[in-house]
Every structure is written in structure tokens, then in C-alpha cells.
Amino acid sequence: MRKDRPAFISTLKEYAWLTAATLLMAVGIVFFKFPNHFSTGGVSGLSIILGHYFPGMSPGTFVFIINQALLLLGFAVFGKSFGFKTAYVSLLMSGVIWALERIFPLTAPLTDQPLLELIFAVALPAIGSAIMFNMQASSGGTDIVAMILKKKTNINIGQCLLFVDFSITLMATVAFGVETGLFSILGLGLKSVLVDMVLENIAVHKYFQIITTKPDPIITFIVEELHRGATRMEGEGAFTHEDKTVLLTAVNRSQAVRLRQYAKQVDPSCFILITNTTEIIGKGFRGVM
């Protein structure tokens with residue numbers, strides 16, 4: 001049982017983050033996208049348009065119906081190999097949006113500032129999406145279509161999804177007018193930029209090169225306190241010809257602060273180079289692709 005406990009806690013934390021990311025996306029969609037008719041593509045964008053043409057059903061209801069249909073399609077195509085995380089997020093997203101629409105019904109935007117509302121309509125779902133992508137999950141919807149197309153065809157998935165999203169924003173222009181359409185097109189562009197920015201900031205780690213004459217306590221600190229690995233190389237000072245040790249390691253942001261302080265405490269004359277990196281493949285970071 002003790003061996004299983006860390007894995008259980010890790011899984012619990014993972015699904016807590018997925019739940020928080022889903023709630024962020026749902027809040028952005030229900031309180032900012034739906035009332036303003038901002039259609040930046042995807043299932044939520046299509047649902048806004050369908051809700052306009054079929055006023056008897058709310059956009060949240062269409063999100064629920066379309067997501068469940070795509071979820072069933074994903075299981076039909078991929079079987080048991082279909083991602084459980086994606087299924088969890090898709091079900092949770094559909095349920096939360098449906099519930100929020102009924103608990104907090106909105107007949108008009110929260111403010112009279114459409115640009116401000118657009119920022120929240122794009123930023124909240126973008127942050128949620130980035131968190132999910134960082135955890136190798138997605139909110140389902142059109143991502144499931146992309147997964148199926150990738151399996152069955154050789155077409156460029158990214159270009160295909162961009163074309164579909166852009167087509168949905170054009171449909172919003174027809175349904176809600178030029179102003180809403182232009183806001184939707186602007187939101188579509190901002191969404192991709194924001195997702196990339198948030199992903200990069202989430203994934204950033206610090207790469208250390210520590211040149212020191214006292215490597216042993218620093219290595220012990222890296223391995224035993226930070227629980228990270230390190231590579232040790234022997235070198236020589238070009239000017240002093242003094243024997244040096246070069247330590248290479250990669251840590252997260254909070255660990256970087258601790259390592260920098262400890263290294264300077266142990267060896268005040270050590271030389272440290274710290275660079276940002278977002279692509280680390282190896283044990284403790286990302287699996288080999």
C-alpha cells in the first residue's frame with residue numbers, strides 16, 4: 001500500500017489540475033463567450049451559432065450533445081486506447097457548462113466593454129487548454145476529430161483544424177453581424193498565441209552549468225534534496241590552470257532558486273550559468289518521443 005500511495009497522490013493532483021483547468025474553460029465560455037456570441041471555433045463556437053438558429057436550445061445544451069457524440073465516436077474508433085483523461089475532461093466540461101447556464105442564466109454581457117469581455121473569453125479557456133496540453137490531455141471536441149483524421153488520413157491536422165475554426169468564425173459573422181465576426185476572428189488569433197505563451201511558461205525549466213572546486217556537497221544537494229540528476233565533468237581554468245568540476249543539471253523554477261543559493265553558499269567563488277529551457281527529454285521530465 002505504501003508503494004501505491006505516491007502514485008495515488010500524483011494521480012489525484014493530476015486530476016485536480018485537470019478539473020481546475022476545465023472550470024477555467026467553462027467560466028470563460030459561459031460568462032464571456034456565450035453572452036457576446038464570440039465564436040472562436042471549436043465545439044463552443046459552433047454551439048453559439050446553433051443556439052442562434054435554434055433558440056429553443058441553449059448553446060450549453062449543444063455543447064453537451066456534440067461533445068458526447070464526439071466522445072462516443074472517439075471510443076468507437078480507438079476503443080480502450082482512447083484517452084481516459086480526454087473522456088473525463090469532455091464529460092466534466094459538458095456537465096459544468098450545462099449546469100452554469102442554468103444556475104447563472106445570462107441574457108446580456110456582464111459589461112458594456114466587448115474588448116474586455118473578449119480578453120476574458122479567450123484568456124480563461126486558453127490557460128485551461130495550456131494546462132491540459134501540458135498534462136497530455138485535451139478538452140475533447142474538435143481535438144477528437146483531429147485524432148481521428150490523424151489516424152485515418154495523411155492531411156495536415158493543424159491546417160485542417162485552423163480552416164474549420166476560421167469557417168466557424170465566418171459563420172458567426174453571418175449570424176451575428178460584422179462586429180461580432182471581427183471580434184471572433186481577433187479572438188481566434190489571440191487564442192493560439194496565448195496557448196503557446198502559457199504552455200511555454202508552464203514548461204520552462206532552468207538549465208544549470210556550475211563550475212566549482214567543491215562539487216561533492218552540491219551534487220549531494222541536487223540528488224538528495226532536489227531529487228534531480230546531474231552530470232559531472234572535469235575541467236581546467238583557462239587562466240589559472242586550476243582544476244575545476246563542471247556540473248550540469250536541469251531543475252524547475254523553485255528548485256533553481258534553492259540550488260543557486262546553496263551553490264553560492266558552499267562555494268562563493270563558483271561560476272554559474274543559468275538558461276531557460278522548455279524542451280527536456282529524459283527521466284524525470286518528458287519521455288522519449
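- A distance of 5.5 Å separates NE2 in H52 from CZ in F176, rounded to the nearest 0.5 Å.
- Atom CD of E179 is surrounded by 12 or fewer heavy atoms from other residues, nucleotides or ligands within 6.0 Å.
- Between S44 and S47, the side chains place no donor N or O within less than 3.5 Å of an acceptor N or O (distance only, hydrogens not considered).
- We find the CD-CZ distance between Q255 and F208 to be 9.5 Å, quoted to the nearest 0.5 Å.
- By the side chain to side chain donor-acceptor pair (under 3.5 Å) test, S269 pairs with D267, sequence neighbours left out.
- Between the side chains of T40 and K33, a donor-acceptor pair is found at a separation under 3.5 Å.
- Taking CD1 of I185 as the reference point, atom OG1 of T180 lies at 11.0 Å (rounded to 0.5 Å).
- Under a 3.5 Å cut-off, the side chain of E101 and the backbone N or O of W98 do not form any donor-acceptor pair.
- Side-chain contact between F32 and L110 is present, with heavy atoms from C-beta onward closer than 4.5 Å.
- Donor-acceptor pairing under 3.5 Å is lacking for the side chains of T249 and R232.
- We find that K244 and E234 are not joined by a salt bridge, their nearest charged nitrogen and carboxylate oxygen being 4.0 Å or further apart.
- Between T19 and Y88, the side chains place a donor N or O and an acceptor N or O closer than 3.5 Å (distance only, hydrogens not considered).
- For K206 and N276, the side-chain atoms include at least one donor-acceptor pair closer than 3.5 Å.
- Between the side chain of T169 and the backbone N or O of F166 there is at least one donor-acceptor pair closer than 3.5 Å.
- For H205 against V251, the heavy-atom pair with the smallest separation is CB-O, 3.3 Å.
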